[in-house]
Number of protein chains: 2
Amino acid sequence: MPDEGVRAATSEATTHRLSLLLRALRVLEAEGVGTVSSHDLAARFGLHSAQIRKDLALFGEFGVRGVGYRVAELKDRLRNLMGLDRSRTVVIAGAGNLGQALADSRNFNSDGFHVAALFDLDGRKVGSKSRSGVSIHHASEIPQAARELKAEIGVLAVPAEAVPDVARALVDGGVVAILNFAPVTLPAIENVVVKNVDLTLFLENLSFQLKERGR
Amino acid sequence: MPDEGVRAATSEATTHRLSLLLRALRVLEAEGVGTVSSHDLAARFGLHSAQIRKDLALFGEFGVRGVGYRVAELKDRLRNLMGLDRSRTVVIAGAGNLGQALADSRNFNSDGFHVAALFDLDGRKVGSKSRSGVSIHHASEIPQAARELKAEIGVLAVPAEAVPDVARALVDGGVVAILNFAPVTLPAIENVVVKNVDLTLFLENLSFQLKERGR
DNA sequence: TGCTGTGAAACCGTTCACAGCT
DNA sequence: AGCTGTGAACGGTTTCACAGCA
């Protein structure tokens with residue numbers, strides 16, 4: 001049973017697995033599968049079944065003993081749990097390759113999110129639109145535009161040196177979560193959820209693993 | 001002292017911290033800082049100093065008691081440790097927004113890596129180049145071209161449904177590590193280092209954290 | 001004195017094993 | 001019988017605290 005009081009923040013690992021779980025449930029539902037066991041689910045990700053059950057147990061009881069989990073129901077409850085049952089507005093700072101890639105990504109515009117605006121300093125880009133039609137505004141308009149659009153999530157796809165100023169502008173615009181792709185750690189900001197994702201680190205991770213394997 | 005025998009694979013968490021550490025050391029070196037303590041370093045990432053020392057202790061002794069770490073020396077030893085002291089060739093499958101963004105990224109073309117080719121199915125793209133000059137070849141040429149370029153790392157920036165075939169083509173081309181950005185888990189492949197990175201999951205993570213904080 | 005390197009302790013996440021429900 | 005939910009055991013990671021060296 002979940003604690004009704006203050007709950008500790010869910011661990012990164014659990015959060016990640018719940019996302020994968022939801023993805024798998026969507027596939028199963030599309031395939032017309034009605035129920036699924038923790039064992040079946042775990043096998044999809046190379047996990048142990050108890051892991052799946054423990055992750056879910058943090059939030060309540062979801063299954064039926066002797067039967068398993070009803071796919072459609074569990075999927076809906078997970079979406080609700082993760083806050084994906086409503087659409088949050090996303091704005092992206094930096095209309096370079098990466099910013100535009102994210103703006104046009106199907107994955108950034110489905111089930112819980114939609115990209116409402118891009119921002120850039122480059123006057124040649126300002127006023128135009130990304131391939132999928134997201135308007136590019138001048139970076140100086142971030143606070144005002146973010147507020148008008150009721151943006152909740154800001155994405156940083158700008159150079160490292162621009163991060164502090166742009167992050168501040170986003171927060172001024174009322175954004176409550178920031179996803180930072182620049183290769184610099186954006187420190188914690190009060191009342192804002194910050195996540196740093198440096199794509200280079202994934203490559204370095206591969207290099208390191210290759211090195212450890214003697215390649 | 002590091003074990004001279006078979007070493008357990010370094011944990012994900014340690015790998016990640018070492019990358020951040022290296023990034024910080026590069027900045028410090030550029031600033032002309034000569035030595036730095038584990039405490040100073042830890043403060044940069046909101047970590048504990050013992051964490052830094054323990055991470056490094058996995059690989060040997062790097063510091064000077066009473067003094068700290070010599071920035072330039074530690075940086076060089078870390079680069080060597082992570083296999084970044086040589087340049088590995090990267091090829092990218094999928095010349096869409098994301099693929100081209102990665103191909104042109106300074107971060108994917110510095111200190112240890114360089115992107116040698118892009119591949120796509122779209123005939124209109126084949127034969128042209130990305131903004132920074134990376135040639136786009138037809139996907140059918142992946143095995144041969146990867147081999148000729150001596151590519152060690154393959155990046156998947158293709159739709160989920162194309163992942164299995166393209167991954168196989170990369171492995172046929174001699175690639176020993178794959179970084180998969182498609183929203184589908186690429187299962188382990190023998191003798192290949194696989195890393196799955198779904199950008200959507202980072203957004204979902206933010207959504208989940210917002211939900212937990214009652215936003 | 002100051003800071004590293006490291007055993008020991010504390011903490012957290014995973015796996016086991018089984019009670020309990022269908 | 002089958003599968004969930006969960007206390008207990010386990011294993012790994014982080015933090016503490018201090019010995020040892022410059």
Side-chain angles (χ1 to χ4, degrees), chain A residues 1-4 6-21 24-25 28 33-71 73-75 77-78 81 205 212, chain B residues 1-4 6-21 24-25 28 33-71 73-75 77-78 81 205 208:
Chain A
M1 197 211 308
D3 196 323
E4 291 300 326
V6 177
R7 191 208 314 280
T10 306
S11 77
E12 186 89 12
T14 295
T15 305
H16 186 250
R17 285 192 299 265
L18 288 178
S19 275
L20 293 179
L21 191 52
L25 288 167
L28 288 170
V33 175
T35 63
V36 66
S37 70
S38 58
H39 192 87
D40 294 343
L41 287 168
R44 298 205 157 217
F45 318 115
L47 298 175
H48 281 250
S49 61
Q51 182 97 77
I52 303 279
R53 298 199 298 277
K54 269 272 153 77
D55 283 341
L56 293 175
L58 293 171
F59 303 97
E61 305 204 351
F62 295 84
V64 183
R65 288 169 198 236
V67 178
Y69 300 91
R70 273 193 278 273
V71 172
E73 185 201 327
L74 181 56
K75 188 209 70 176
R77 291 183 67 184
L78 271 186
L81 208 70
N205 180 313
E212 287 197 308
Chain B
M1 200 211 306
D3 197 323
E4 291 300 325
V6 177
R7 191 207 315 279
T10 306
S11 78
E12 186 90 13
T14 296
T15 306
H16 186 250
R17 285 191 300 263
L18 289 178
S19 275
L20 293 180
L21 193 51
L25 289 167
L28 288 170
V33 176
T35 63
V36 67
S37 71
S38 59
H39 192 87
D40 293 343
L41 286 168
R44 302 205 156 217
F45 320 115
L47 298 176
H48 281 252
S49 61
Q51 183 97 78
I52 304 280
R53 298 198 300 275
K54 269 270 152 77
D55 283 342
L56 294 175
L58 293 171
F59 303 97
E61 305 204 352
F62 295 84
V64 183
R65 290 170 196 233
V67 177
Y69 301 91
R70 273 192 278 274
V71 172
E73 184 201 327
L74 181 56
K75 188 210 71 177
R77 291 183 67 182
L78 271 185
L81 207 70
N205 180 314
F208 194 11

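Protein chains get the first letters and strands the later ones, always in sequence-line order, with residue 1 at the start of each. Predicted model, so just to flag it, every value in this text is computed and none were measured.
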Output side-chain donor-acceptor pairs under 3.5 Å for residues 40-51 of chain B, partner residues at least two apart or in another chain, one line each.
from	atom 1	to	atom 2	distance (Å)
B:D40	OD2	B:S37	OG	3.4
B:S49	OG	B:R53	NH1	3.2

| Between A:F45 (CZ) and C:dT14 (P), how many Å, whole number? | 14 Å
| query | Can you check the A:L58 CG to C:dT14 C1' distance for me, whole Å? | reply | 12 Å
| task | Taking all non-hydrogen atoms of both residues into account, name the closest pair between B:L25 and B:V71 and its distance. | result | O-CG1, 3.6 Å
| said: Please report the interatomic distance CD1(B:I52) to CG(B:L74), rounded to the nearest 0.5 Å. | reply: 9.5 Å
| query | Just checking A:S38: base, sugar-phosphate only, or nothing, at a heavy-atom cut-off of under 4.0 Å? | reply | sugar-phosphate
| task | For A:K54, enumerate each residue passing the salt bridge (charged side-chain N to carboxylate O under 4.0 Å, His left out) test, keeping only those at least two apart in sequence or located in another chain. | result | none
| Other residues, nucleotides, ligands: >12 heavy atoms within 6.0 Å of A:R70 CZ | no
| Protein-nucleotide distance (A:E61, atom CD; D:dC3, atom C1'), rounded to Å | 13 Å
| request: Pull out every residue in residues 63-70 of chain A that has a heavy atom closer than 4.0 Å to any atom of DNA chain D, ordered by number, or say none. | output: A:G63, A:V64, A:R65, A:G66, A:V67, A:G68, A:Y69
| query | Nearest to the side chain of B:Q51 - D:dT15, C:dC16, C:dT4? | reply | D:dT15
Grab the N/O contacts between the protein and nucleotides 8-12 of chain D below 3.5 Å, and write none if there aren't any.
from	atom 1	to	atom 2	distance (Å)
D:dA8	N6	A:K54	NZ	3.3

| A:L56 has an atom CG; how far is it from atom P of D:dT4, in whole Å? | 10 Å
| task | Would you please confirm or rule out a distance under 4.0 Å between OP1 or OP2 of D:dC3 and any side-chain N or O of A:H39? | result | no
| request: Check the distance between C:dC16's P and A:I52's CD1 and give it to me in whole angstrom. | output: 14 Å
| Residue that, paired with B:L56, satisfies side chain to side chain contact (heavy atoms under 4.5 Å, CB included) out of B:T14, B:L21, B:L81 | B:L21
| task | Any chance you could measure A:D55, atom CG, to A:S38, atom OG, to the nearest 0.5 Å? | result | 11.0 Å
| remark: Residue set satisfying salt bridge (charged side-chain N to carboxylate O under 4.0 Å, His left out) with B:E12, at least two apart, ordered chain then number -> B:K195
| field | Whole-Å gap separating C1' (D:dT6) and CG (A:D55) | value | 14 Å
| message | Rounding to an integer number of Å, can you tell me how far A:F62 CZ sits from D:dT6 P? | response | 11 Å
| Value in whole Å for how far the P atom of C:dG7 lies from CZ of B:R53 | 13 Å
| Counterpart residues, ring-ring contact (aromatic ring centres under 6.0 Å, His included), relative to B:F208 (two or more places apart) | A:F59
